[in-house]
Amino acid sequence: MEYIAHTRNQQGKRQDLLEHLRNVADMAAQFATPFGAADGARIAGLFHDIGKFNPAFQQYLRDAEAGVVKPGGPDHKGAGAVWAVQQKIDLLAFLIAGHHGGLPAQKTLKNAWLPGKMKDNEVQTAIQTAQRELATEWSRIDATKAFPSWLSKATPYEAELFLRMLFSALVDADFLDTERHFTAGNVPDREGYPTLPELWAWFQENQQQLSGQKQNLLNQLRHEIYAQCVAAAGWDPGFFRLTVPTGGGKTRSSLAFALAHALAFNKERVIYAIPYMSITEQTADVFREIFDSHNLRAVLEHHSGVTASDPDNPTLEEIWAKLASENWDAPLIVTTTIQLFQSLLAAKTTPCRKLHAIANSVIILDEVQTLPPHVLATILDVLRQLVARYSVTVVLCTATQPALDDQPDFKGLPGVREIIPDPARLFKALQRVQYQWPQNDVKWAWEQVAERMRTERQALAIVNTRRDAAALLAALDDSSALHLSTWMCGAHRRAVLADARQRLKDGAPCLLVSTQLIEAGVDIDFPLVLRAMGPLDSIAQAAGRCNREGNLPRLGQVVVFIPEEGNIPPGAYRTGTDVAAKLTRSGTVDLHDPAVYHQYFEDYYRHLDLDLKKVQPMRKLLDYPEVAARFQMIDDATVPVIVPYAYAQAEIADLTVKLRQHPEQARKLLRRLQPFMVSLRQHEIIQAQKRGMADELAEVPGIYEWRGKYDDKRGIVLDGGIDPGLLFW
């Protein structure tokens, strides 16, 4: 009898079931080899679809070919899962049971799903047929070698991540082999990217145009940092710390370390993870400037904001990027920290596909101080495992290093090595600002802050909440003043930043009021920065927007003030602000000393619950769906609202109409609409709806259209008694 894995493709060819099982087994074993699980992956691949030997499933496939559509079809996962239990390799049952819908919870699998499948006659028939058809492979199976030896003594957390990594190898192999059957044309589209040796050669060629070419102090120090990173690349894999002050060339030097280290230790790829999408895009652009003249597939940029220039007619490179994003099959990936860690804690097949590609890689965690404390215990545990079990090297990269080292009272990261031997010397040498601290806890009214801003033609003020930004803007009472907050859509914010940069370049008046969204990594340079008292790392990041290029004849001025009527967001942000206020109250703290940040973060973490959502207990229970639900790096429930940004109204209207008419294309259309969307809290959108200021799209539930005022300076205006809350990005 002919057993079918998949129905006829466009060439009229069916895929043979035995062929599919063997293909998936071979590919999954290849994917799991870097973490010593090739045998288990091969077994999972061979038996993941043996439920398709069920005559009822074979009839279902033939009916589908004849045009008889039966939603769902008979279950084909139960047979492989039951077989795994019978062979006493129960862990594989998780993978096989979840290879379409996602990893299940252990209690669901063992208490409800598996017992029912064990009593199913069709399941037993499929297993018996598989034993006959796979007789050769079956005879070679040694269940004692299915998993690496360390797993028998593993902690529940280690077992939990191991299963997710093995699951990744299985589902990616299954996806790819199925794709090759139905859309064989995708195979060449997935190829054509350069190798790591090629990237390193091109990088060195590009670096020669910069390093040592200018003899001023800044460029001399950048060259020194670069050279130290290349020298440290030969150190054994593990945890590294790269502490470089703003302007020290951290982005290029960290990439140099990663590429050279990857070559020295046969790593497969470099993953550059960044907390904010704006910096992710900026970093990807920097890397493209280095590599794209050689190969347009040198940089894979993967985050929710990536869209094709023409979605209906994507370029070959855009098609490659979309396919490569599915499983990170590329040597250099620039992504967001959220994409990285929420994939590592996911349960569904789509985000998990890429996980096996993380093994044997170099991960750069840029602006590592922004790792959210409410899930930090889980993040640190996963990082420890990636280094200990999956041949990963991790680089903690920032000017404001958090206290993440393993300590008696803090389960952190072991054996972190500093790439730069004396970062304090660099901070002193690259000092470009001086700080003015509040005296005797004196508070400033918004009018006082505005008056201080007016003492310079160009000044930036950064406050803690969107409401505070609106209040300071009103106090300035200057029609030429600029404003930035997330009440403005992304396209609007980018336009304001472009305007500000041009004014600064031209020496024109430029007073800008912003929330902290401008702080981390935004390339902008003011002679005067005022910063409302906040977390210490935020204050230091704000200072990075002052005299950034060191072009002033004097030190830039960073004035820290306590707002009289300001608001401080609750939770970790308030804790950080309190700890910073206590530390800086004397007015003598030196933010040019890297040791200050270690002291600050030690105290900061001590006051917080680093597993606020209790993710770790769910991991211990192998409850994958609940882990994924609880592990949310952004701890604010918000809803997306399409706004009528004046300079793109026609495009926004056209896309919104298409969204209503073609909700089945929502994913593609929403990506194109993302630059014109604002995130509001649930209580904000509810009140806005009551006042007729927002409508939910009936065709796409959960997406709203703004009907209220959208100001060309402030963005969304929540007038009429709506409490804007304390959303502060």
Side-chain angles (χ1 to χ4, degrees), residues 34-36 148-151 153-155 157-158 160-162 165 225 228-244 250 253-273 337 340-341 344 358-371 373 375-424 426 594-595 597-602 604-606 610-611 616:
F35 50 97
S149 57
W150 63 262
L151 193 64
K153 299 178 181 179
T155 67
Y157 307 121
E158 291 173 324
E160 190 260 4
L161 183 61
F162 174 79
M165 296 290 280
I225 292 165
Q228 289 171 332
C229 283
V230 174
W235 298 352
D236 287 344
F239 288 107
F240 292 87
R241 181 184 290 114
L242 179 58
T243 309
V244 175
K250 169 170 60 74
S253 292
S254 59
L255 180 61
F257 170 88
L259 290 173
H261 184 79
L263 286 180
F265 295 97
N266 296 313
K267 304 295 184 185
E268 294 185 20
R269 58 188 45 83
V270 172
I271 300 168
Y272 211 107
T337 314
L340 173 64
F341 285 108
L344 280 162
I358 296 173
N360 198 33
S361 68
V362 181
I363 298 176
I364 306 287
L365 294 178
D366 195 27
E367 303 296 350
V368 68
Q369 80 283 354
T370 63
L371 290 176
V375 289
L376 189 61
T378 298
I379 289 174
L380 295 178
D381 180 68
V382 168
L383 289 175
R384 287 192 296 269
Q385 290 190 50
L386 288 177
V387 169
R389 302 295 187 190
Y390 300 94
S391 302
V392 172
T393 284
V394 174
V395 182
L396 313 175
C397 202
T398 183
T400 54
Q401 285 286 351
L404 297 180
D405 301 78
D406 209 1
Q407 300 171 42
D409 59 344
F410 180 83
K411 186 63 174 173
L413 305 176
V416 184
R417 287 158 290 171
E418 186 70 66
I419 292 175
I420 305 300
D422 186 9
L426 289 178
Y597 303 107
H598 192 280
Q599 180 185 351
Y600 162 78
F601 276 107
E602 273 192 335
Y604 174 60
Y605 291 146
R606 197 177 296 121
L610 304 184
D611 188 18
Q616 291 296 83

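- Distance OG1/Thr378 to CG/Leu610: 10.0 Å, rounded to 0.5 Å.
- Looking only at atom types and distance, the side chain of Gln369 has a donor-acceptor partner in the side chain of Thr398 under 3.5 Å away.
- In terms of the ring pair (Phe, Tyr, Trp, His ring centres under 6.0 Å) criterion, residue partners of Tyr390 (sequence neighbours excluded) are, by chain and number, Phe35.
- Applying the side-chain contact (heavy atoms from CB on, under 4.5 Å) rule to Thr337 yields the partners Ala273, Pro275, Phe341, Leu371, Met633; only residues at least two apart in sequence or on another chain are considered.
- The structure places CG of Leu242 at 4.0 Å from SG of Cys397, a figure rounded to the nearest 0.5 Å.
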Check the pair Tyr597 / Gln401 against side chain to side chain contact (heavy atoms under 4.5 Å, CB included), numbers first and verdict last. CA-CA 6 Å; Tyr597 303 107; Gln401 285 286 351; 5.6 Å; no
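- The shortest distance between side-chain heavy atoms of Phe257 and Ile419 falls below 4.5 Å.
- Residues Leu380 and Lys411 are not in side-chain contact: their nearest non-hydrogen atoms beyond the backbone lie 4.5 Å or more apart.
- Residues passing the side-chain contact (heavy atoms from CB on, under 4.5 Å) test with Ala231: none are found, sequence neighbours excluded.
- Under the side-chain contact (heavy atoms from CB on, under 4.5 Å) criterion, Glu602 pairs with Ala403, Gln407, His598, Arg606, sequence neighbours left out.
- Listed by chain and number, the residues in a salt bridge (Lys or Arg N to Asp or Glu O under 4.0 Å) with Asp381 are Arg384, Arg619 (sequence neighbours excluded).
- Within the structure, ring pair (Phe, Tyr, Trp, His ring centres under 6.0 Å) contacts touching residues 392-422 (residues at least two apart or in different chains) are Phe410-Tyr605.
- Legend: residues meeting side chain to side chain donor-acceptor pair (under 3.5 Å) with Arg241, ordered by chain and number and at least two apart, are Asp405.
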Would Leu365 and Leu383 count as a side chain to side chain contact (heavy atoms under 4.5 Å, CB included) if you check the C-alpha gap in whole Å, the side-chain angles of each, and the deciding distance to 0.1 Å? CA-CA 11 Å; Leu365 294 178; Leu383 289 175; 3.9 Å; yes
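- Not counting sequence neighbours, the partners of Glu158 by the side-chain contact (heavy atoms from CB on, under 4.5 Å) test are Trp150, Ala154, Thr155, Gln385, Arg389.
- Across all their heavy atoms, Ala264 and Ala233 have their closest contact at CB-O, 4.2 Å.
- Counting only heavy atoms from C-beta outward, the side chains of Leu340 and Ile358 approach each other to under 4.5 Å.
- Using modelled atom types, one side-chain atom of Lys267 and one backbone atom of Ser391 make a donor-acceptor pair closer than 3.5 Å.
- Contact of the Leu396 side chain with the Val416 side chain is registered, since non-hydrogen atoms from C-beta on lie closer than 4.5 Å.
- Taking SG of Cys229 as the reference point, atom CD1 of Ile420 lies at 4.5 Å (rounded to 0.5 Å).
- The minimum heavy-atom distance linking Glu268 with Pro34 is given by the pair OE2-CG, 3.6 Å.
- The side chain to side chain donor-acceptor pair (under 3.5 Å) search around Ser253 returns none, not counting sequence neighbours.
- Residues forming a ring pair (Phe, Tyr, Trp, His ring centres under 6.0 Å) with Trp235 (at least two apart in sequence, or on another chain): none.
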Taking it one step at a time, do Val387 and Phe239 satisfy side chain to side chain contact (heavy atoms under 4.5 Å, CB included)? CA-CA 7 Å; Val387 169; Phe239 288 107; 3.4 Å; yes
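- When side chains are defined from C-beta on, Tyr600 does not count as touching Pro402, because their heavy atoms never get closer than 4.5 Å.
- Contact check for Asp422 versus Gln228: no side-chain heavy atoms found under the 4.5 Å cut-off.
- For Phe265, the ring pair (Phe, Tyr, Trp, His ring centres under 6.0 Å) criterion is met by His261, not counting sequence neighbours.
- Looking at heavy atoms from C-beta onward, Ile363 lies out of side-chain contact with Val395 at the 4.5 angstrom threshold.
- Residues passing the side chain to side chain donor-acceptor pair (under 3.5 Å) test with Glu418, sequence neighbours excluded: Thr243.
- For the residue pair Tyr272 / Ser254, a side-chain donor-acceptor distance below 3.5 Å is found, with atom types taken as modelled.
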Give the C-alpha distance, both sets of side-chain angles, the deciding distance and a yes or no for side chain to side chain contact (heavy atoms under 4.5 Å, CB included) between Val392 and Val362. CA-CA 6 Å; Val392 172; Val362 181; over 6 Å; no
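- Glu367 contributes no side-chain N or O that, together with a main-chain N or O of Thr400, makes up a donor-acceptor pair within less than 3.5 Å.
- Within the 4.5 Å cutoff, no side-chain heavy atoms of Leu413 are placed close to those of Asp406.
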